[in-house]
Amino acid sequence: MIDQIKKLESEARALEPSPLDRQNIRKSVVDYGEHFLNSIATANAYNKEGSRGEGLLNAPFTDDPGNIDELMALIGNEVDYPGLNPASGGHLGYIPGGGIYYAALGDYLACVSNRFAGLYYASPGAVRMENMIIRWLCELMGLGPGAFGNLTSGGSVANLIAIVTARDAKKLNDNELGKKVIYITRQVHHSVDKAIRIAGMANCVTRYVPMDRKFKMDAGALQKMIVIDRKSGLIPSILIASAGTTDTGAVDPLRKLGEIAGKNELWYHIDAAYGGFFYMTQQGKERLDGIGMADSLVVDPHKGMFLPYGIGAVLVKNAQFLRDSHYYMPGYLMDSLSATEESSPADMSPELTKHFRGLRMWLPLKIHGLNPFRAALDEKLLLAKYFYDQIKNTPGFEVVNEPDLSVVVYRFVPKKGDPDEFNRKLLDKVLQDGRIFISSTRIGGSFMLRLAILSFRTHLDTIEMALSILKTESANLEKEEI
Ligand SMILES: *Cc1c(COP(=O)(O)O)cnc(C)c1O
(Lines give C-alpha, C1' and ligand atoms only; values in the text may rest on other atoms or scores of the structure.)
Protein backbone atom coordinates (compact mmCIF):
# COMPACT_ATOMS: atom_id res chain seq x y z
CA MET A 1 0.00 0.00 0.00
CA ILE A 2 2.84 2.39 0.86
CA ASP A 3 4.24 1.93 -2.65
CA GLN A 4 0.86 2.69 -4.14
CA ILE A 5 0.49 5.81 -2.00
CA LYS A 6 3.96 7.00 -2.99
CA LYS A 7 3.28 6.43 -6.66
CA LEU A 8 0.07 8.45 -6.44
CA GLU A 9 1.83 11.12 -4.42
CA SER A 10 4.46 11.62 -7.09
CA GLU A 11 1.73 12.16 -9.66
CA ALA A 12 -0.41 14.33 -7.38
CA ARG A 13 2.52 16.57 -6.52
CA ALA A 14 2.20 18.11 -9.96
CA LEU A 15 -0.57 20.20 -8.35
CA GLU A 16 2.13 22.04 -6.37
CA PRO A 17 4.30 23.57 -9.10
CA SER A 18 7.90 24.46 -8.30
CA PRO A 19 8.89 28.13 -7.95
CA LEU A 20 10.39 27.95 -11.44
CA ASP A 21 7.24 26.43 -12.95
CA ARG A 22 5.16 29.05 -11.18
CA GLN A 23 7.39 31.75 -12.59
CA ASN A 24 7.09 30.45 -16.15
CA ILE A 25 3.34 30.04 -16.09
CA ARG A 26 2.88 33.35 -14.27
CA LYS A 27 4.98 35.12 -16.89
CA SER A 28 2.79 33.86 -19.72
CA VAL A 29 -0.39 34.81 -17.89
CA VAL A 30 0.87 38.23 -16.82
CA ASP A 31 2.26 38.92 -20.31
CA TYR A 32 -1.15 38.11 -21.72
CA GLY A 33 -2.83 40.41 -19.18
CA GLU A 34 -0.37 43.22 -19.94
CA HIS A 35 -0.93 42.86 -23.67
CA PHE A 36 -4.70 42.98 -23.07
CA LEU A 37 -4.44 46.13 -20.97
CA ASN A 38 -1.92 47.84 -23.24
CA SER A 39 -4.21 47.45 -26.23
CA ILE A 40 -7.55 48.07 -24.46
CA ALA A 41 -7.67 51.73 -25.57
CA THR A 42 -7.86 50.70 -29.23
CA ALA A 43 -9.62 47.32 -28.87
CA ASN A 44 -13.20 47.06 -30.08
CA ALA A 45 -16.04 47.25 -27.58
CA TYR A 46 -17.90 44.65 -29.63
CA ASN A 47 -16.87 41.99 -32.12
CA LYS A 48 -19.82 40.78 -34.08
CA GLU A 49 -17.90 38.54 -36.48
CA GLY A 50 -15.53 35.65 -35.86
CA SER A 51 -15.48 32.61 -33.62
CA ARG A 52 -18.13 32.10 -30.98
CA GLY A 53 -15.86 30.08 -28.75
CA GLU A 54 -16.14 26.84 -30.80
CA GLY A 55 -12.36 26.43 -30.64
CA LEU A 56 -12.68 25.60 -26.94
CA LEU A 57 -14.75 22.55 -27.78
CA ASN A 58 -11.99 21.25 -30.04
CA ALA A 59 -9.64 21.20 -27.07
CA PRO A 60 -11.35 18.84 -24.58
CA PHE A 61 -9.92 17.92 -21.16
CA THR A 62 -7.40 15.09 -21.23
CA ASP A 63 -5.08 13.36 -18.75
CA ASP A 64 -2.08 15.23 -20.08
CA PRO A 65 -0.73 18.67 -19.18
CA GLY A 66 -1.39 21.49 -21.63
CA ASN A 67 0.97 24.02 -23.17
CA ILE A 68 0.53 27.43 -21.59
CA ASP A 69 1.11 29.41 -24.79
CA GLU A 70 -1.56 27.39 -26.59
CA LEU A 71 -3.93 27.93 -23.67
CA MET A 72 -3.35 31.69 -23.67
CA ALA A 73 -4.00 31.75 -27.42
CA LEU A 74 -7.26 29.88 -26.85
CA ILE A 75 -8.36 32.43 -24.26
CA GLY A 76 -7.34 35.29 -26.53
CA ASN A 77 -9.13 34.02 -29.63
CA GLU A 78 -12.09 32.15 -28.21
CA VAL A 79 -12.96 34.00 -24.99
CA ASP A 80 -11.61 37.53 -25.09
CA TYR A 81 -12.34 38.23 -28.75
CA PRO A 82 -15.97 37.40 -29.62
CA GLY A 83 -18.94 39.43 -28.43
CA LEU A 84 -18.99 42.26 -25.95
CA ASN A 85 -15.75 43.54 -24.45
CA PRO A 86 -16.89 44.85 -21.05
CA ALA A 87 -13.35 46.00 -20.21
CA SER A 88 -13.53 48.56 -23.05
CA GLY A 89 -14.40 52.18 -22.30
CA GLY A 90 -16.52 51.94 -25.46
CA HIS A 91 -18.95 49.67 -23.60
CA LEU A 92 -21.91 52.02 -23.44
CA GLY A 93 -24.73 49.45 -23.39
CA TYR A 94 -26.80 47.77 -20.65
CA ILE A 95 -25.08 48.90 -17.44
CA PRO A 96 -21.34 48.89 -18.12
CA GLY A 97 -19.07 47.01 -15.76
CA GLY A 98 -15.54 47.79 -14.75
CA GLY A 99 -12.48 45.75 -14.04
CA ILE A 100 -10.02 48.01 -12.24
CA TYR A 101 -6.65 46.34 -12.14
CA TYR A 102 -5.89 46.22 -8.44
CA ALA A 103 -9.08 44.24 -7.89
CA ALA A 104 -7.49 41.49 -10.01
CA LEU A 105 -4.50 41.53 -7.68
CA GLY A 106 -6.85 41.30 -4.70
CA ASP A 107 -8.49 38.25 -6.28
CA TYR A 108 -5.05 36.82 -6.95
CA LEU A 109 -4.13 37.03 -3.27
CA ALA A 110 -7.54 35.78 -2.15
CA CYS A 111 -7.05 32.69 -4.33
CA VAL A 112 -3.43 32.11 -3.34
CA SER A 113 -4.05 32.27 0.42
CA ASN A 114 -7.61 30.92 0.19
CA ARG A 115 -8.86 32.38 3.48
CA PHE A 116 -12.23 31.04 4.64
CA ALA A 117 -14.26 34.24 4.71
CA GLY A 118 -17.57 32.64 5.72
CA LEU A 119 -16.96 32.40 9.46
CA TYR A 120 -15.27 34.82 11.84
CA TYR A 121 -13.88 31.90 13.83
CA ALA A 122 -12.09 30.53 10.77
CA SER A 123 -10.63 33.78 9.47
CA PRO A 124 -11.11 36.71 11.81
CA GLY A 125 -9.02 38.92 9.52
CA ALA A 126 -10.85 38.13 6.29
CA VAL A 127 -14.24 38.52 7.96
CA ARG A 128 -13.21 41.77 9.64
CA MET A 129 -12.15 43.10 6.26
CA GLU A 130 -15.50 42.20 4.66
CA ASN A 131 -17.47 43.51 7.64
CA MET A 132 -15.49 46.74 7.55
CA ILE A 133 -16.49 47.18 3.90
CA ILE A 134 -20.13 46.51 4.78
CA ARG A 135 -20.06 49.03 7.65
CA TRP A 136 -18.47 51.56 5.33
CA LEU A 137 -21.24 50.98 2.76
CA CYS A 138 -23.95 51.30 5.43
CA GLU A 139 -22.45 54.55 6.64
CA LEU A 140 -21.96 55.89 3.12
CA MET A 141 -25.65 55.28 2.36
CA GLY A 142 -26.77 56.77 5.69
CA LEU A 143 -28.52 53.64 6.93
CA GLY A 144 -27.74 54.22 10.61
CA PRO A 145 -25.81 52.27 13.25
CA GLY A 146 -28.09 49.21 13.39
CA ALA A 147 -27.51 48.37 9.73
CA PHE A 148 -25.50 45.51 8.36
CA GLY A 149 -25.33 43.45 5.22
CA ASN A 150 -23.54 40.97 3.05
CA LEU A 151 -21.19 41.01 0.08
CA THR A 152 -22.82 38.89 -2.61
CA SER A 153 -21.91 37.70 -6.08
CA GLY A 154 -23.93 40.54 -7.62
CA GLY A 155 -27.09 42.62 -7.54
CA SER A 156 -29.48 39.79 -8.36
CA VAL A 157 -28.49 37.68 -5.35
CA ALA A 158 -28.41 40.82 -3.20
CA ASN A 159 -32.01 41.56 -4.28
CA LEU A 160 -32.99 37.97 -3.46
CA ILE A 161 -31.52 38.22 0.05
CA ALA A 162 -33.33 41.53 0.59
CA ILE A 163 -36.66 40.17 -0.65
CA VAL A 164 -36.39 37.07 1.55
CA THR A 165 -35.58 39.30 4.53
CA ALA A 166 -38.56 41.53 3.77
CA ARG A 167 -40.79 38.48 3.37
CA ASP A 168 -39.88 37.18 6.83
CA ALA A 169 -39.93 40.59 8.50
CA LYS A 170 -43.42 41.30 7.14
CA LYS A 171 -44.54 37.68 7.73
CA LEU A 172 -45.40 37.09 4.09
CA ASN A 173 -44.97 33.34 4.49
CA ASP A 174 -48.22 32.77 6.34
CA ASN A 175 -51.53 31.61 4.89
CA GLU A 176 -52.65 35.17 4.16
CA LEU A 177 -50.11 35.47 1.35
CA GLY A 178 -52.83 36.29 -1.18
CA LYS A 179 -53.76 39.42 0.78
CA LYS A 180 -50.25 40.88 1.07
CA VAL A 181 -49.47 43.60 -1.43
CA ILE A 182 -46.12 44.45 -3.05
CA TYR A 183 -45.84 47.83 -4.80
CA ILE A 184 -43.41 48.18 -7.72
CA THR A 185 -43.28 49.84 -11.11
CA ARG A 186 -42.95 48.27 -14.55
CA GLN A 187 -39.41 49.63 -14.65
CA VAL A 188 -38.17 47.60 -11.67
CA HIS A 189 -35.25 45.33 -12.62
CA HIS A 190 -36.35 41.81 -13.55
CA SER A 191 -34.09 40.33 -10.86
CA VAL A 192 -36.63 41.69 -8.35
CA ASP A 193 -39.50 39.87 -10.10
CA LYS A 194 -37.32 36.77 -10.14
CA ALA A 195 -36.55 37.15 -6.43
CA ILE A 196 -40.25 37.49 -5.60
CA ARG A 197 -40.93 34.23 -7.44
CA ILE A 198 -37.96 32.34 -5.98
CA ALA A 199 -38.92 33.54 -2.49
CA GLY A 200 -42.32 31.89 -2.92
CA MET A 201 -44.18 35.18 -3.05
CA ALA A 202 -45.64 34.86 -6.53
CA ASN A 203 -49.12 34.62 -4.99
CA CYS A 204 -48.86 38.00 -3.30
CA VAL A 205 -50.76 40.83 -4.92
CA THR A 206 -48.37 42.83 -7.11
CA ARG A 207 -49.42 46.41 -7.80
CA TYR A 208 -47.73 48.21 -10.64
CA VAL A 209 -47.73 51.82 -9.52
CA PRO A 210 -48.10 54.31 -12.40
CA MET A 211 -45.06 56.37 -13.36
CA ASP A 212 -44.72 60.00 -14.37
CA ARG A 213 -43.36 61.10 -17.73
CA LYS A 214 -39.81 60.56 -16.49
CA PHE A 215 -40.52 56.93 -15.56
CA LYS A 216 -40.44 57.63 -11.84
CA MET A 217 -42.95 56.07 -9.47
CA ASP A 218 -45.87 58.44 -8.92
CA ALA A 219 -45.94 58.89 -5.13
CA GLY A 220 -49.48 60.30 -5.13
CA ALA A 221 -50.78 57.32 -7.08
CA LEU A 222 -49.02 54.96 -4.66
CA GLN A 223 -50.66 56.65 -1.68
CA LYS A 224 -54.09 56.28 -3.29
CA MET A 225 -53.50 52.61 -4.13
CA ILE A 226 -52.53 51.86 -0.54
CA VAL A 227 -55.72 53.46 0.78
CA ILE A 228 -57.89 51.55 -1.70
CA ASP A 229 -56.12 48.26 -0.97
CA ARG A 230 -56.58 48.71 2.79
CA LYS A 231 -60.29 49.43 2.29
CA SER A 232 -60.74 46.26 0.30
CA GLY A 233 -59.16 44.16 3.06
CA LEU A 234 -55.70 43.72 1.57
CA ILE A 235 -52.48 44.18 3.58
CA PRO A 236 -49.96 46.61 2.02
CA SER A 237 -46.56 45.08 2.86
CA ILE A 238 -43.58 45.90 0.65
CA LEU A 239 -42.61 48.91 -1.46
CA ILE A 240 -39.81 48.47 -3.98
CA ALA A 241 -38.20 51.56 -5.48
CA SER A 242 -35.34 51.98 -7.94
CA ALA A 243 -32.42 54.33 -7.46
CA GLY A 244 -31.55 54.38 -11.11
CA THR A 245 -33.58 52.04 -13.30
CA THR A 246 -31.56 49.95 -15.71
CA ASP A 247 -33.72 50.97 -18.65
CA THR A 248 -33.67 54.77 -18.44
CA GLY A 249 -31.60 55.57 -15.34
CA ALA A 250 -34.63 57.13 -13.63
CA VAL A 251 -34.50 57.63 -9.87
CA ASP A 252 -37.82 57.21 -8.05
CA PRO A 253 -38.74 59.99 -5.58
CA LEU A 254 -36.93 58.17 -2.78
CA ARG A 255 -37.71 60.55 0.08
CA LYS A 256 -41.43 60.85 -0.68
CA LEU A 257 -41.71 57.10 -1.10
CA GLY A 258 -39.80 56.59 2.16
CA GLU A 259 -42.29 58.81 3.98
CA ILE A 260 -45.23 56.87 2.53
CA ALA A 261 -43.57 53.55 3.46
CA GLY A 262 -42.94 54.81 6.99
CA LYS A 263 -46.49 56.05 7.54
CA ASN A 264 -47.98 52.84 6.18
CA GLU A 265 -45.50 50.45 7.82
CA LEU A 266 -44.33 49.02 4.51
CA TRP A 267 -40.94 47.38 4.13
CA TYR A 268 -39.04 49.83 1.93
CA HIS A 269 -36.60 48.17 -0.47
CA ILE A 270 -34.47 50.28 -2.79
CA ASP A 271 -32.69 48.65 -5.70
CA ALA A 272 -29.67 50.91 -6.21
CA ALA A 273 -27.58 48.27 -8.00
CA TYR A 274 -26.92 50.68 -10.84
CA GLY A 275 -27.19 54.11 -9.23
CA GLY A 276 -26.20 53.69 -5.58
CA PHE A 277 -22.54 54.69 -5.73
CA PHE A 278 -23.33 58.05 -7.30
CA TYR A 279 -24.28 58.91 -3.72
CA MET A 280 -20.54 59.38 -3.13
CA THR A 281 -20.69 62.57 -5.21
CA GLN A 282 -22.32 65.91 -4.47
CA GLN A 283 -24.49 65.75 -7.60
CA GLY A 284 -25.52 62.21 -6.72
CA LYS A 285 -26.38 63.12 -3.12
CA GLU A 286 -29.03 65.51 -4.39
CA ARG A 287 -30.46 63.09 -6.95
CA LEU A 288 -30.56 60.13 -4.56
CA ASP A 289 -31.90 62.10 -1.61
CA GLY A 290 -33.72 59.80 0.80
CA ILE A 291 -31.77 56.62 -0.04
CA GLY A 292 -30.90 56.13 3.63
CA MET A 293 -34.60 55.65 4.45
CA ALA A 294 -34.48 52.16 2.94
CA ASP A 295 -35.15 49.11 5.12
CA SER A 296 -33.06 47.20 2.61
CA LEU A 297 -30.79 48.48 -0.11
CA VAL A 298 -28.84 46.85 -2.93
CA VAL A 299 -25.68 48.36 -4.40
CA ASP A 300 -23.37 46.74 -6.94
CA PRO A 301 -19.63 47.44 -6.56
CA HIS A 302 -19.09 45.64 -9.89
CA LYS A 303 -21.02 48.48 -11.47
CA GLY A 304 -20.55 51.75 -9.57
CA MET A 305 -17.19 50.97 -7.97
CA PHE A 306 -15.78 49.72 -11.29
CA LEU A 307 -14.77 46.34 -9.85
CA PRO A 308 -14.68 43.23 -12.03
CA TYR A 309 -17.89 41.17 -12.16
CA GLY A 310 -18.59 39.14 -9.08
CA ILE A 311 -19.43 41.53 -6.23
CA GLY A 312 -22.72 43.03 -5.10
CA ALA A 313 -23.96 44.09 -1.68
CA VAL A 314 -27.19 43.94 0.27
CA LEU A 315 -27.59 46.31 3.22
CA VAL A 316 -30.38 46.04 5.80
CA LYS A 317 -31.26 48.87 8.16
CA ASN A 318 -32.16 46.56 11.06
CA ALA A 319 -29.55 43.82 10.81
CA GLN A 320 -31.55 41.51 13.07
CA PHE A 321 -34.06 40.87 10.28
CA LEU A 322 -31.26 39.85 7.91
CA ARG A 323 -29.84 37.46 10.51
CA ASP A 324 -33.27 36.04 11.43
CA SER A 325 -33.78 35.00 7.80
CA HIS A 326 -30.34 33.52 7.19
CA TYR A 327 -28.85 32.26 10.47
CA TYR A 328 -28.35 28.53 10.89
CA MET A 329 -26.06 26.62 13.23
CA PRO A 330 -25.26 23.02 12.33
CA GLY A 331 -23.54 20.87 14.94
CA TYR A 332 -20.31 20.54 13.02
CA LEU A 333 -19.78 24.30 13.10
CA MET A 334 -20.52 24.81 16.79
CA ASP A 335 -16.89 25.75 17.58
CA SER A 336 -17.53 28.99 15.74
CA LEU A 337 -19.98 30.07 18.47
CA SER A 338 -17.01 31.01 20.64
CA ALA A 339 -16.02 33.91 18.37
CA THR A 340 -18.64 36.62 18.59
CA GLU A 341 -16.96 40.05 18.29
CA GLU A 342 -17.88 40.13 14.60
CA SER A 343 -20.82 38.51 12.88
CA SER A 344 -20.07 35.94 10.21
CA PRO A 345 -21.04 36.37 6.54
CA ALA A 346 -22.53 32.86 6.64
CA ASP A 347 -25.16 34.14 9.11
CA MET A 348 -26.27 36.85 6.69
CA SER A 349 -26.50 34.93 3.44
CA PRO A 350 -27.42 31.56 1.90
CA GLU A 351 -23.69 30.95 1.32
CA LEU A 352 -21.35 29.10 3.66
CA THR A 353 -18.06 28.65 1.81
CA LYS A 354 -17.61 31.58 -0.49
CA HIS A 355 -15.11 33.58 -2.47
CA PHE A 356 -13.20 35.98 -0.22
CA ARG A 357 -14.59 38.82 -2.30
CA GLY A 358 -13.82 41.54 0.19
CA LEU A 359 -10.14 41.59 -0.75
CA ARG A 360 -10.83 42.60 -4.37
CA MET A 361 -12.63 45.67 -3.05
CA TRP A 362 -10.43 46.49 -0.05
CA LEU A 363 -7.16 46.48 -2.00
CA PRO A 364 -8.12 49.02 -4.70
CA LEU A 365 -9.91 51.25 -2.18
CA LYS A 366 -6.77 51.32 -0.05
CA ILE A 367 -4.28 51.69 -2.91
CA HIS A 368 -6.20 54.44 -4.74
CA GLY A 369 -8.00 56.14 -1.86
CA LEU A 370 -11.62 57.18 -2.39
CA ASN A 371 -10.95 60.35 -4.38
CA PRO A 372 -10.48 58.88 -7.89
CA PHE A 373 -13.67 56.83 -7.49
CA ARG A 374 -15.66 59.93 -6.56
CA ALA A 375 -14.10 61.87 -9.45
CA ALA A 376 -14.88 59.09 -11.94
CA LEU A 377 -18.52 58.95 -10.80
CA ASP A 378 -18.87 62.73 -11.04
CA GLU A 379 -17.25 62.61 -14.49
CA LYS A 380 -19.80 59.98 -15.66
CA LEU A 381 -22.73 62.19 -14.61
CA LEU A 382 -21.32 65.12 -16.57
CA LEU A 383 -20.48 62.97 -19.60
CA ALA A 384 -24.10 61.79 -19.72
CA LYS A 385 -25.31 65.39 -19.56
CA TYR A 386 -22.83 66.32 -22.31
CA PHE A 387 -23.98 63.47 -24.56
CA TYR A 388 -27.60 64.41 -23.92
CA ASP A 389 -27.00 68.08 -24.85
CA GLN A 390 -25.07 67.14 -27.99
CA ILE A 391 -27.41 64.46 -29.32
CA LYS A 392 -30.45 66.60 -28.58
CA ASN A 393 -29.00 69.36 -30.75
CA THR A 394 -28.00 67.03 -33.56
CA PRO A 395 -30.48 67.33 -36.45
CA GLY A 396 -32.61 64.19 -36.80
CA PHE A 397 -32.08 62.91 -33.26
CA GLU A 398 -34.61 63.15 -30.47
CA VAL A 399 -34.15 62.43 -26.77
CA VAL A 400 -36.60 61.22 -24.15
CA ASN A 401 -35.56 62.84 -20.87
CA GLU A 402 -32.64 64.67 -19.40
CA PRO A 403 -30.70 61.93 -17.58
CA ASP A 404 -31.15 61.60 -13.80
CA LEU A 405 -27.85 59.73 -13.69
CA SER A 406 -25.83 58.36 -16.62
CA VAL A 407 -28.31 56.67 -18.99
CA VAL A 408 -29.55 58.59 -22.04
CA VAL A 409 -32.42 57.29 -24.20
CA TYR A 410 -32.66 58.67 -27.73
CA ARG A 411 -33.39 57.76 -31.33
CA PHE A 412 -33.08 59.06 -34.87
CA VAL A 413 -36.28 60.15 -36.57
CA PRO A 414 -35.80 59.67 -40.35
CA LYS A 415 -37.47 61.98 -42.82
CA LYS A 416 -39.14 58.97 -44.43
CA GLY A 417 -39.99 55.45 -43.37
CA ASP A 418 -40.49 53.58 -40.12
CA PRO A 419 -38.39 55.01 -37.24
CA ASP A 420 -38.27 51.61 -35.45
CA GLU A 421 -36.85 49.93 -38.52
CA PHE A 422 -34.37 52.77 -39.04
CA ASN A 423 -33.06 52.70 -35.47
CA ARG A 424 -32.76 48.91 -35.52
CA LYS A 425 -30.57 49.29 -38.62
CA LEU A 426 -28.64 52.13 -36.99
CA LEU A 427 -27.93 49.96 -33.94
CA ASP A 428 -26.74 47.19 -36.22
CA LYS A 429 -24.39 49.56 -38.08
CA VAL A 430 -22.93 50.83 -34.80
CA LEU A 431 -22.32 47.26 -33.62
CA GLN A 432 -20.77 46.31 -36.95
CA ASP A 433 -18.36 49.20 -36.55
CA GLY A 434 -17.61 47.80 -33.10
CA ARG A 435 -15.68 50.68 -31.54
CA ILE A 436 -18.59 51.35 -29.21
CA PHE A 437 -21.31 49.05 -27.91
CA ILE A 438 -24.78 50.48 -27.34
CA SER A 439 -28.09 48.74 -26.66
CA SER A 440 -31.78 49.37 -27.18
CA THR A 441 -35.05 49.41 -25.30
CA ARG A 442 -38.74 50.00 -25.92
CA ILE A 443 -40.29 53.19 -24.59
CA GLY A 444 -44.00 53.80 -25.14
CA GLY A 445 -43.97 51.17 -27.88
CA SER A 446 -41.07 52.74 -29.78
CA PHE A 447 -37.67 51.20 -30.43
CA MET A 448 -35.16 53.47 -28.69
CA LEU A 449 -31.39 53.53 -28.40
CA ARG A 450 -29.71 53.69 -24.99
CA LEU A 451 -26.33 55.02 -24.02
CA ALA A 452 -25.20 54.08 -20.51
CA ILE A 453 -22.00 55.51 -19.09
CA LEU A 454 -20.38 53.71 -16.17
CA SER A 455 -17.06 52.29 -17.25
CA PHE A 456 -14.07 53.93 -15.55
CA ARG A 457 -12.43 53.85 -19.00
CA THR A 458 -15.14 56.00 -20.62
CA HIS A 459 -13.97 59.59 -20.97
CA LEU A 460 -14.76 62.64 -23.09
CA ASP A 461 -12.95 61.23 -26.15
CA THR A 462 -15.13 58.09 -25.97
CA ILE A 463 -18.30 60.19 -25.97
CA GLU A 464 -17.04 62.33 -28.87
CA MET A 465 -16.35 59.11 -30.77
CA ALA A 466 -19.85 57.79 -29.98
CA LEU A 467 -21.41 61.04 -31.23
CA SER A 468 -19.35 60.93 -34.38
CA ILE A 469 -20.24 57.28 -35.10
CA LEU A 470 -23.95 57.95 -34.52
CA LYS A 471 -23.91 61.01 -36.81
CA THR A 472 -21.99 59.24 -39.57
CA GLU A 473 -23.98 56.03 -39.53
CA SER A 474 -27.36 57.78 -39.37
CA ALA A 475 -26.41 60.03 -42.30
CA ASN A 476 -25.22 57.01 -44.32
CA LEU A 477 -28.40 55.13 -43.57
CA GLU A 478 -30.57 58.04 -44.60
CA LYS A 479 -28.72 58.25 -47.90
CA GLU A 480 -29.24 54.52 -48.46
CA GLU A 481 -32.96 54.84 -47.76
CA ILE A 482 -33.46 57.65 -50.26
C1 LIG B 1 -27.66 45.25 -12.83
C2 LIG B 1 -28.85 45.44 -12.02
C3 LIG B 1 -29.37 44.42 -11.21
C4 LIG B 1 -28.80 43.02 -11.24
O5 LIG B 1 -27.51 42.98 -10.74
P6 LIG B 1 -26.47 41.87 -11.23
O7 LIG B 1 -25.22 42.32 -10.55
O8 LIG B 1 -26.42 41.95 -12.72
O9 LIG B 1 -26.95 40.56 -10.75
C10 LIG B 1 -30.44 44.70 -10.40
N11 LIG B 1 -31.01 45.91 -10.40
C12 LIG B 1 -30.56 46.92 -11.18
C13 LIG B 1 -31.24 48.25 -11.13
C14 LIG B 1 -29.47 46.72 -12.01
O15 LIG B 1 -29.04 47.71 -12.80
Side-chain angles (χ1 to χ4, degrees), residues 143 146-147 149-150 152 155-211 216-243 245 252-273 290-291 293-298 314-328 348-350:
L143 287 176
N150 185 251
T152 64
S156 300
V157 169
N159 268 327
L160 177 61
I161 292 177
I163 294 299
V164 163
T165 303
R167 177 195 70 193
D168 298 349
K170 300 308 284 182
K171 307 204 165 28
L172 264 65
N173 36 9
D174 62 13
N175 49 14
E176 293 210 303
L177 199 62
K179 286 187 173 183
K180 308 278 168 92
V181 189
I182 306 172
Y183 300 90
I184 59 178
T185 70
R186 292 268 177 208
Q187 286 284 320
V188 143
H189 191 269
H190 70 270
S191 63
V192 171
D193 300 290
K194 236 194 206 180
I196 288 171
R197 201 182 67 209
I198 298 170
M201 293 152 62
N203 290 333
C204 289
V205 180
T206 304
R207 289 266 182 263
Y208 291 98
V209 183
M211 294 170 285
K216 297 162 184 283
M217 189 184 283
D218 179 339
L222 169 69
Q223 182 61 64
K224 279 183 204 141
M225 277 179 152
I226 293 172
V227 171
I228 293 169
D229 285 341
R230 277 247 158 74
K231 274 201 185 128
S232 58
L234 299 176
I235 307 166
S237 300
I238 300 179
L239 168 61
I240 299 173
S242 308
T245 60
D252 286 331
L254 303 179
R255 182 165 295 282
K256 271 193 216 156
L257 298 182
E259 282 158 8
I260 294 173
K263 258 192 301 195
N264 292 282
E265 295 181 0
L266 307 181
W267 181 277
Y268 186 28
H269 176 63
I270 302 179
D271 180 0
I291 200 167
M293 297 168 90
D295 291 304
S296 55
L297 179 67
V298 164
V314 56
L315 310 172
V316 177
K317 175 161 275 166
N318 181 345
Q320 193 56 44
F321 288 122
L322 178 63
R323 182 191 304 267
D324 286 348
S325 291
H326 295 93
Y327 180 83
Y328 197 92
M348 307 284 174
S349 138

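Throughout, residue positions are numbered sequentially from 1 according to the sequence presented.
- Of all non-hydrogen atoms in Leu266 and Asp295, the two that sit nearest each other are O-OD2, 3.5 Å.
- Within the 4.5 Å cutoff, the side chain of Pro236 has no heavy atoms near those of the Asn264 side chain.
- Shown here are the side chain to side chain contact (heavy atoms under 4.5 Å, CB included) partners of Ser242, two or more places apart in sequence or in another chain: Val188, Thr245, Asp252.
- Nearest heavy-atom pair, Ser349 versus Asn150, reported as atom, atom and distance to 0.1 Å: CB-OD1, 3.2 Å.
- Taking Lys180 as the reference, Asp174 meet the salt bridge (charged side-chain N to carboxylate O under 4.0 Å, His left out) condition, with sequence neighbours excluded.
- To the nearest 0.5 Å, atoms CD1 (Ile270) and CG (Leu254) are separated by 4.5 Å.
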Run the numbers on Ser296 and Thr165 for side-chain contact (heavy atoms from CB on, under 4.5 Å), then give the verdict. CA-CA 9 Å; Ser296 55; Thr165 303; over 6 Å; no

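- A pairwise comparison of heavy atoms in Leu234 and Gly178 identifies CD2-O, 4.3 Å as the closest pair.
- For Glu176, the salt bridge (charged side-chain N to carboxylate O under 4.0 Å, His left out) criterion is met by Lys179, not counting sequence neighbours.
- Between the CD1 atom in Ile182 and the OH atom in Tyr208 there is a gap of 9.5 Å [rounded to 0.5 Å].
- Ile161 places a side-chain heavy atom less than 4.5 Å from the side chain of His326.
- Looking only at distances, no side-chain donor or acceptor of Tyr268 sits under 3.5 Å from a matching main-chain atom of Glu259.
- Here Cys204 contributes atom SG and Arg167 contributes atom CZ; the two are 10.0 Å apart, rounded to the nearest 0.5 Å.
- Residues Ser191 and Asn159 come closest through the heavy atom pair OG-ND2, 3.1 Å.
- The two residues Ala261 and Leu239 make their nearest non-hydrogen contact at CB-CD2, 4.0 Å.
- Of the possible polar contacts, none joining the His269 side chain to the Ile240 backbone as a donor-acceptor pair under 3.5 Å is found.
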Under 3.5 Å, which donor-acceptor pairs link side chains of residues 192-203 to any protein atom two or more places apart or in another chain?
none

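- Checking each of Val316, Ile291, Leu297 against Leu143 for a side-chain contact (heavy atoms from CB on, under 4.5 Å) leaves exactly one that passes, namely Leu297.
- A donor-acceptor contact shorter than 3.5 Å links the side chain of Asp271 to the backbone of Ala273.
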Would you list the atom pairs, donor with acceptor, under 3.5 Å between side chains in residues 216-229 and any protein atom, with sequence neighbours excluded?
residue: Lys216; atom: NZ; partner: Val251; partner atom: O; Å: 2.9
residue: Lys216; atom: NZ; partner: Asp404; partner atom: OD1; Å: 3.4
residue: Lys216; atom: NZ; partner: Asp404; partner atom: OD2; Å: 2.4
residue: Asp218; atom: OD1; partner: Gly220; partner atom: N; Å: 3.0
residue: Asp218; atom: OD1; partner: Ala221; partner atom: N; Å: 3.1
residue: Asp229; atom: OD1; partner: Arg207; partner atom: NE; Å: 3.0
residue: Asp229; atom: OD1; partner: Arg207; partner atom: NH2; Å: 3.0
residue: Asp229; atom: OD2; partner: Tyr183; partner atom: OH; Å: 2.7
residue: Asp229; atom: OD2; partner: Arg207; partner atom: NE; Å: 3.1

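- Within 6.0 Å of the NZ atom in Lys256, the count of heavy atoms belonging to other residues, nucleotides or ligands does not exceed 12.
- Heavy-atom neighbours of Glu265 CD from other residues, nucleotides or ligands within 6.0 Å: at or below the threshold of 12.
- Checked against salt bridge (charged side-chain N to carboxylate O under 4.0 Å, His left out), Lys317 has no partners two or more places apart in sequence or in another chain.
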